[in-house]
Structure formats: structure tokens, C-alpha cells
**Q** 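Following this message is one structure expressed as C-alpha cells.
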Amino acid sequence: MRYELYYWPMIQGRGEYVRLALEEAGARYDDVARRGNGMAAMTRMMDAGKGTPPFAPPFLKDGKLVIGQTANILLYLGSRHGLAPKAEAGRLWVHQLQLTIADLVLEVHDTHHPLGPSLYYEDQRAPAKKRTEEFWKERVPKYLGYFEDLLAANGGTYVTGRRLTYVDLSLFQIVEGLRYAFPKRMKAFERKIPGLVELRDRVAARPNIKTYLASDRRIAFNEDGIFRRYKALDG
């Protein structure tokens with residue numbers, strides 16, 4: 001049976017963390033909204049009004065089961081495709097790390113939309129500049145320093161040790177996204193996180209991920225997604 005992934009068809013966004021896990025696992029899946037009447041199907045599922053409808057994409061359909069929220073989807077996929085530890089304590093630990101990444105993703109988004117998503121970036125340029133300065137001064141060192149320390153403590157191969165988990169795939173996406181959105185700032189900062197840079201390269205070289213990145217299934221970064229490149233915010 002093929003999974004059905006529901007997410008916006010024009011951006012990587014939060015759905016990309018799920019795509020990376022599915023691709024690494026070699027799982028069969030349909031990126032539903034990117035074909036035919038997929039957008040309408042996605043909207044119908046959210047507007048169902050009964051059962052357990054998802055609040056927003058991404059969500060994953062596996063048979064009759066529908067799972068929403070990125071970290072929740074990855075918790076589900078991780079144990080089924082060898083992308084999470086087998087023991088409950090380990091699975092919860094990886095889930096906790098993914099929730100921390102979700103917090104970071106929200107802060108990335110708020111660099112360009114600190115007053116909220118209902119306003120255009122052009123309507124909040126000054127607050128965005130202020131938020132971005134604080135983000136790079138305080139938040140990036142805190143988040144990425146935390147994961148850099150975990151890598152070092154666990155041997156430097158993957159975040160939890162010798163085996164890759166979906167958290168490593170997500171950290172690859174974080175590094176890639178920050179490189180796209182803030183090329184100048186990230187280039188200067190990377191000397192402080194050599195372990196994460198090596199992790200990014202290690203993930204990119206994995207056969208399934210390498211194939212995915214070279215395919216048209218990988219949507220290019222753009223200024224509609226979470227990671228957006230605005231020259232005024234890049235120092």
C-alpha cells in the first residue's frame with residue numbers, strides 16, 4: 001500500500017521533513033496535492049467535519065489512518081522504517097528532538113513574518129530586521145549549539161549515535177534552509193558547527209537522499225516557503 005502525503009504543492013515547508021523520511025526509507029508514496037485534483041482532495045479532508053480531520057497540512061494517510069503534524073507523522077514513520085530507536089525511551093527521545101526542531105522552524109518563519117502570516121513581508125520589514133538580528137545573535141547559537149553538542153557527545157556520526165534517525169534528516173534540512181535564506185550569515189556561522197556541517201554532507205551522500213535531491217520531486221527553495229531569502233535580512 002502507498003502512503004498518501006498531503007501538503008502544499010509549491011513549497012518544501014514542513015512537508016519536506018516528511019518527504020525526506022519517506023525518501024530515505026524508500027517508501028512508496030503519492031504527494032497528492034502535486035497532481036490532478038489533489039488540492040481539492042486535501043481541502044475536503046480538512047473540511048470533513050467528522051472523525052479526526054487534520055487541522056492543516058502536512059498530514060499522512062496510511063490506509064484508513066490519517067496522521068497530522070510533522071513530528072507526529074515522523075514518530076509514526078520512524079518506528080516502521082528503521083528511522084527511530086526500537087526502545088520506547090529512544091523513540092520518545094527522538095520525538096522530543098523533533099519537537100525542538102519544530103520550535104526552531106517556527107522561529108525561522110518569524111524572522112520574515114514577526115507580526116504574523118496575514119501580513120506581507122513588505123508590511124513588516126522593520127520588525128523583521130529586528131527579529132532576525134535577535135534570531136542570529138541568540139536563537140541560532142542556542143539551537144544549533146545544542147545539536148552540535150549532542151553530535152559530539154554521541155560520537156559525531158549521527159545525533160543519537162551510529163544509526164541515522166529522522167532527526168538527522170531534519171537537521172540536514174535546517175542547514176540547507178539556513179544556507180538558502182541567510183547565505184552570508186550562515187557561511188560565517190558554520191565554523192561554530194562543524195559537526196552539523198559534516199552531518200549535512202553525510203545525509204546528502206546517502207544513496208536515496210542523493211537521488212531525491214537530484215530529482216524533480218525535490219521542490220526548490222523559494223520565497224513562499226519557510227526559508228526565504230531577503231537580502232535586507234542577511235546582514
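What you see below is based on every heavy atom in this structure, not just the backbone, and it leaves out hydrogens, waters and symmetry mates.
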**Q** Checking the side chain of Thr111 only, and the main-chain atoms of Val108 only, is there a donor and an acceptor separated by less than 3.5 Å?
**A** yes
**Q** A side-chain contact here means heavy atoms from C-beta on lying under 4.5 Å apart; do Leu144 and Leu104 qualify?
**A** yes
**Q** Is Tyr180 reachable from Met10 through a run of I, L, V, M, F, W or Y residues, each pair having side-chain heavy atoms under 4.5 Å apart?
**A** no
**Q** Among Asp30, Asp62, Asp31, which residue meets the salt bridge (charged side-chain N to carboxylate O under 4.0 Å, His left out) test with Arg2?
**A** Asp30
**Q** Can you name the nearest heavy-atom pair linking Arg228 to Ala181, along with the distance?
**A** O-CB, 3.3 Å
**Q** Calculate, to the nearest 0.5 Å, the distance between atoms CD and CZ belonging to Glu176 and Arg200 respectively.
**A** 4.0 Å
**Q** Main chain of Thr157, side chain of Arg202: is a donor-acceptor contact present, judged purely on distance under 3.5 Å?
**A** yes
**Q** Got a second to check how far Asn72's CG is from Gln98's CD, nearest 0.5 Å?
**A** 11.0 Å
**Q** Answer yes or no: is there a donor N or O on one side and an acceptor on the other, between the side chain of Gln124 and the main chain of Gly116, under 3.5 Å?
**A** yes
**Q** Give a yes or no on whether Ile11 and Phe172 share a hydrophobic cluster (residues Ile, Leu, Val, Met, Phe, Trp, Tyr; joining criterion: side-chain heavy atoms under 4.5 Å apart).
**A** no
**Q** Side chains of Pro53 and Met45: closer than 4.5 Å at any heavy-atom pair?
**A** no
**Q** For Gln69, does the CD atom have more than 12 heavy-atom neighbours from other residues, nucleotides or ligands under 6.0 Å away?
**A** no
**Q** Using side chain to side chain contact (heavy atoms under 4.5 Å, CB included) as the criterion, point out the one residue from Val175, Leu97, Ile174 that pairs with Phe147.
**A** Leu97
**Q** Taking all non-hydrogen atoms of both residues, which atom of Ile219 and which atom of Gln12 are closest, and how far apart?
**A** O-NE2, 2.5 Å
**Q** May I have the step-by-step check of side-chain contact (heavy atoms from CB on, under 4.5 Å) for Val105 and Ser170, ending in yes or no?
**A** CA-CA 10 Å; Val105 170; Ser170 294; over 6 Å; no
**Q** I need the minimum non-hydrogen distance between Glu190 and Val197, along with the two atoms involved.
**A** OE1-CG2, 3.6 Å
**Q** Looking at side-chain heavy atoms only, is the closest gap between Val18 and Leu20 below 4.5 Å?
**A** no
**Q** In a check of salt bridge (charged side-chain N to carboxylate O under 4.0 Å, His left out) between Glu133 and each of Lys129, Lys130, Arg131, which one passes?
**A** Lys129
**Q** Using only atom types and a distance under 3.5 Å, with no angle test, would you say the side chain of Asn154 pairs donor to acceptor with the backbone of Gly161?
**A** no
**Q** Ion pair present between Arg229 and Glu223, side-chain N to carboxylate O less than 4.0 angstrom?
**A** no
**Q** Can you confirm whether Tyr230 sits close enough to Arg125 that some side-chain heavy atom of one is under 4.5 Å from a side-chain heavy atom of the other?
**A** no
**Q** Is any NZ, NE, NH1 or NH2 atom of the basic residue among Glu16 and Arg19 found under 4.0 Å from an Asp or Glu carboxylate oxygen of the other?
**A** yes
**Q** Mind checking whether Leu150 and Ile193 sit in one hydrophobic cluster, side chains of I, L, V, M, F, W, Y counted as touching below 4.5 Å?
**A** yes
**Q** Are Tyr6 and Phe59 close enough that their ring centres sit under 6.0 Å apart?
**A** yes
**Q** Validate the cation-pi geometry between Arg185 and Phe189: distance from NZ or CZ to the six-membered ring centre under 6.0 Å, angle to the ring axis within 45°.
**A** no
**Q** I'd like to know if the side chain of Glu148 and the backbone of Leu196 have a donor-acceptor N/O pair within less than 3.5 Å.
**A** yes
**Q** Rounded to the nearest 0.5 Å, what's the gap from CG on Leu233 to OG1 on Thr132? Could you check?
**A** 4.0 Å
**Q** Quick one, Val94 and Leu75 - any side-chain contact, counting heavy atoms below 4.5 Å?
**A** no
**Q** Does atom CD of Glu88 have more than 12 heavy-atom neighbours, drawn from other residues, nucleotides or ligands, at distances under 6.0 Å?
**A** no
**Q** May I ask you to check whether His81 and Tyr3 place their ring centers less than 6.0 Å from one another?
**A** yes
**Q** Is the shortest side-chain N to carboxylate O distance from Asp234 to Lys231 below 4.0 Å?
**A** no
**Q** Which is it for Tyr146 and Lys142 under the side-chain contact (heavy atoms from CB on, under 4.5 Å) test, yes or no, and what are the steps along the way?
**A** CA-CA 6 Å; Tyr146 171 72; Lys142 186 177 182 69; over 6 Å; no
**Q** Kindly give the heavy-atom pair with the smallest separation between Pro114 and Pro127, and that separation in Å.
**A** CG-C, 3.6 Å
**Q** Yes or no on side-chain contact (heavy atoms from CB on, under 4.5 Å) for Arg14 and Leu106, after CA distance, side-chain angles and deciding distance?
**A** CA-CA 10 Å; Arg14 291 173 177 82; Leu106 178 60; 4.3 Å; yes
**Q** Would you say Arg217 has more than 12 foreign heavy atoms packed within less than 6.0 Å of its CZ?
**A** yes
**Q** Between His95 and Tyr166, is there a side-chain heavy-atom distance shorter than 4.5 Å?
**A** yes
**Q** To the nearest 0.5 Å, what is the distance between CG on Leu119 and NE2 on His113?
**A** 7.5 Å
**Q** Less than 4.5 Å apart, side chain to side chain, heavy atoms only: is that true for Leu5 and Val32?
**A** no
**Q** Please tell me whether Val167 and Leu99 are part of a single hydrophobic cluster in this structure, the criterion being side-chain heavy atoms less than 4.5 Å apart.
**A** no
**Q** Out of curiosity, does Trp136 fall in the hydrophobic cluster containing Leu171 (side-chain heavy atoms, cut-off under 4.5 Å, transitive links)?
**A** yes
**Q** Can you give me the closest heavy-atom contact between Asn208 and Gly26, atom names plus distance?
**A** ND2-N, 3.8 Å
**Q** Is any side-chain heavy atom of Leu83 less than 4.5 Å from a side-chain heavy atom of Leu77?
**A** no
**Q** Rounded to the nearest 0.5 Å, how far does OH of Tyr7 lie from CD1 of Ile73?
**A** 10.5 Å
**Q** Please determine whether side-chain contact (heavy atoms from CB on, under 4.5 Å) holds for the pair Tyr17 and Leu169, giving the CA-CA distance in whole Å, both sets of side-chain angles, and the decisive distance to 0.1 Å.
**A** CA-CA 7 Å; Tyr17 301 93; Leu169 301 173; over 6 Å; no
**Q** Looking at Arg218 and Glu23, does any basic side-chain N land under 4.0 Å from a carboxylate oxygen?
**A** no
**Q** Check whether the side chains of Tyr143 and Asp103 place a donor and an acceptor atom closer than 3.5 Å, and report yes or no.
**A** no
**Q** Which heavy-atom pair separates Arg91 from Pro85 by the least distance, and what is that distance?
**A** CG-O, 2.8 Å
**Q** Roughly how far, to the nearest 0.5 Å, is CG of Leu115 from CG of Asp123?
**A** 9.0 Å
